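Taking it in order: structure first as structure tokens, then the write-up.
In this text, all values refer to a predicted model and were calculated from it rather than measured experimentally.
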Amino acid sequence: MKKLYIEQEFFKIEDHYPIVDENGETVYFVDEDFKFFEKHLEITNVKTNEKILIDKQFPTLLPKFDITFPNGKVLTLKSEFSIFSKYITVLPEKEYITIEGNFFDYEFRVLKGEELIGYIEKEVFRLRDCFIINVINEEYEELFIAIMIAIDNIQDSQAN
């Protein structure tokens, strides 16, 4: 299992922050371009310089984000309407990716089929948003990080 850490800025209009490993070394860097009606993020792998792109679809009633991986694969995360809980669907369904957990407290698990590929914990009592990304299967590390960043942006857009 691999642990990665995110500490976001306190006041943010745009996101610019590193994702570090257990040794404090930067392994990914997140950059956001701010535009009034669009949202575009890039997650750069500092070793390979490959980029994962996350784009908010506009206009939509509920937040919907497209994730484009360096190999050209595209996933869509969309928030679903529910009165008492939050649901996020991952498309295409043939990928068999499921997100479970408490989205209000940022504690959730990501599964591919029946396999747990990782889980997120949010550190409490911090001025900034701080997350621990626990990657169980490192084969899906970039997938899991991209899903986490997209969910964070879904949360942010629904809070505003």
Side-chain angles (χ1 to χ4, degrees), residues 1-8 15 17-32 39-58 60-82 84-124 129-159:
M1 181 169 87
K2 182 176 185 180
K3 287 187 181 237
L4 300 172
Y5 301 89
I6 294 175
E7 187 170 337
Q8 296 177 336
D15 279 332
Y17 54 86
I19 299 174
V20 299
D21 63 13
E22 294 160 299
N23 300 319
E25 295 180 28
T26 300
V27 287
Y28 297 94
F29 198 84
V30 178
D31 272 313
E32 176 185 346
K39 190 167 198 110
H40 174 79
L41 292 106
E42 292 183 354
I43 305 169
T44 305
N45 182 321
V46 297
K47 281 186 183 174
T48 65
N49 211 33
E50 291 184 325
K51 296 183 185 306
I52 301 167
L53 308 176
I54 301 175
D55 292 290
K56 182 177 182 181
Q57 292 183 10
F58 183 81
T60 59
L61 182 60
L62 294 171
K64 187 186 283 190
F65 287 85
D66 290 326
I67 303 170
T68 306
F69 294 92
N71 64 4
K73 182 187 223 176
V74 178
L75 291 179
T76 299
L77 268 66
K78 66 178 196 171
S79 184
E80 302 285 347
F81 179 74
S82 176
F84 297 111
S85 61
K86 184 173 289 190
Y87 294 104
I88 296 175
T89 303
V90 180
L91 301 171
E93 292 174 357
K94 68 181 180 181
E95 293 296 326
Y96 305 110
I97 298 171
T98 310
I99 303 169
E100 301 176 342
N102 184 340
F103 294 98
F104 296 106
D105 293 330
Y106 280 95
E107 292 183 5
F108 60 89
R109 307 170 346 131
V110 177
L111 297 99
K112 182 155 174 67
E114 297 293 319
E115 178 186 4
L116 176 66
I117 60 172
Y119 59 96
I120 294 289
E121 302 169 85
K122 182 175 182 180
E123 294 183 349
V124 292
D129 285 342
C130 299
F131 303 97
I132 301 170
I133 302 172
N134 300 283
V135 181
I136 306 291
N137 185 334
E138 292 183 33
E139 177 183 346
Y140 300 112
E141 179 177 315
E142 290 186 345
L143 167 72
F144 186 59
I145 290 168
I147 287 173
M148 186 273 153
I149 300 295
I151 288 172
D152 182 46
N153 279 277
I154 288 171
Q155 296 285 76
D156 286 350
S157 60
Q158 288 182 328

- Query: Leu75 versus Leu143: any side-chain heavy-atom pair under 4.5 Å?
  - Reply: yes
- Message: A side-chain contact here means heavy atoms from C-beta on lying under 4.5 Å apart; do Val20 and Thr26 qualify?
- Response: yes
- Item | Ile88, Ile54, Ile120, Ile97 screened by side-chain contact (heavy atoms from CB on, under 4.5 Å) with Ile147, the one that passes | Ile97
Interatomic distance, [X] atom [atom1] to [Y] atom [atom2] [nearest 0.5 angstrom]:
X      : Y      : atom1 : atom2 : value
Asn134 : Glu121 : CG    : CD    : 5.0 Å
Asp152 : Lys122 : CG    : NZ    : 8.0 Å
Thr98  : Glu93  : OG1   : CD    : 10.0 Å
Thr44  : Tyr28  : OG1   : OH    : 11.0 Å
Leu111 : Asn137 : CG    : CG    : 11.5 Å
Phe131 : Ile149 : CZ    : CD1   : 8.0 Å

- Task: Would you mind listing every salt bridge (Lys or Arg N to Asp or Glu O under 4.0 Å) that reaches into residues 40-55, with sequence neighbours excluded?
- Result: Glu42-Lys51
Closest contact, heavy atoms only, [X] versus [Y]:
X      : Y      : value
Glu142 : Phe69  : O-CE2, 3.9 Å
Tyr119 : Phe144 : N-CZ, 3.2 Å
Ile67  : Ala146 : CG2-CB, 3.6 Å
Leu4   : Ile19  : CB-CG2, 3.8 Å
Lys39  : Glu32  : NZ-OE2, 3.2 Å

- Could Glu100 and Arg109 be called an ion pair, given the rule that one side-chain N must be under 4.0 Å from one carboxylate O? yes
- Task: Would you please name every residue forming a salt bridge (charged side-chain N to carboxylate O under 4.0 Å, His left out) with Lys64, sequence neighbours left out?
- Result: none
- Message: Using salt bridge (Lys or Arg N to Asp or Glu O under 4.0 Å), reason through Lys112 and Glu95 one step at a time and then give a plain yes or no.
- Response: CA-CA 7 Å; Lys112 182 155 174 67; Glu95 293 296 326; 3.3 Å; yes
- With no hydrogens and no angle check, do the side chains of Asn153 and Lys56 hold a donor and an acceptor under 3.5 Å apart? no
- Using atom types as modelled and distance alone, determine if a side-chain donor or acceptor of Asp21 lies under 3.5 Å from a backbone N or O of Asn23. yes
- Task: Check the pair Ile6, Met148 against side-chain contact (heavy atoms from CB on, under 4.5 Å), reporting the backbone distance first and the verdict last.
- Result: CA-CA 11 Å; Ile6 294 175; Met148 186 273 153; 3.7 Å; yes
- Check the pair Ile133 / Tyr5 against side-chain contact (heavy atoms from CB on, under 4.5 Å), numbers first and verdict last. CA-CA 6 Å; Ile133 302 172; Tyr5 301 89; over 6 Å; no
- Task: Might you work through the side-chain contact (heavy atoms from CB on, under 4.5 Å) test for Leu62 and Lys78, ending with a clear yes or no?
- Result: CA-CA 7 Å; Leu62 294 171; Lys78 66 178 196 171; over 6 Å; no
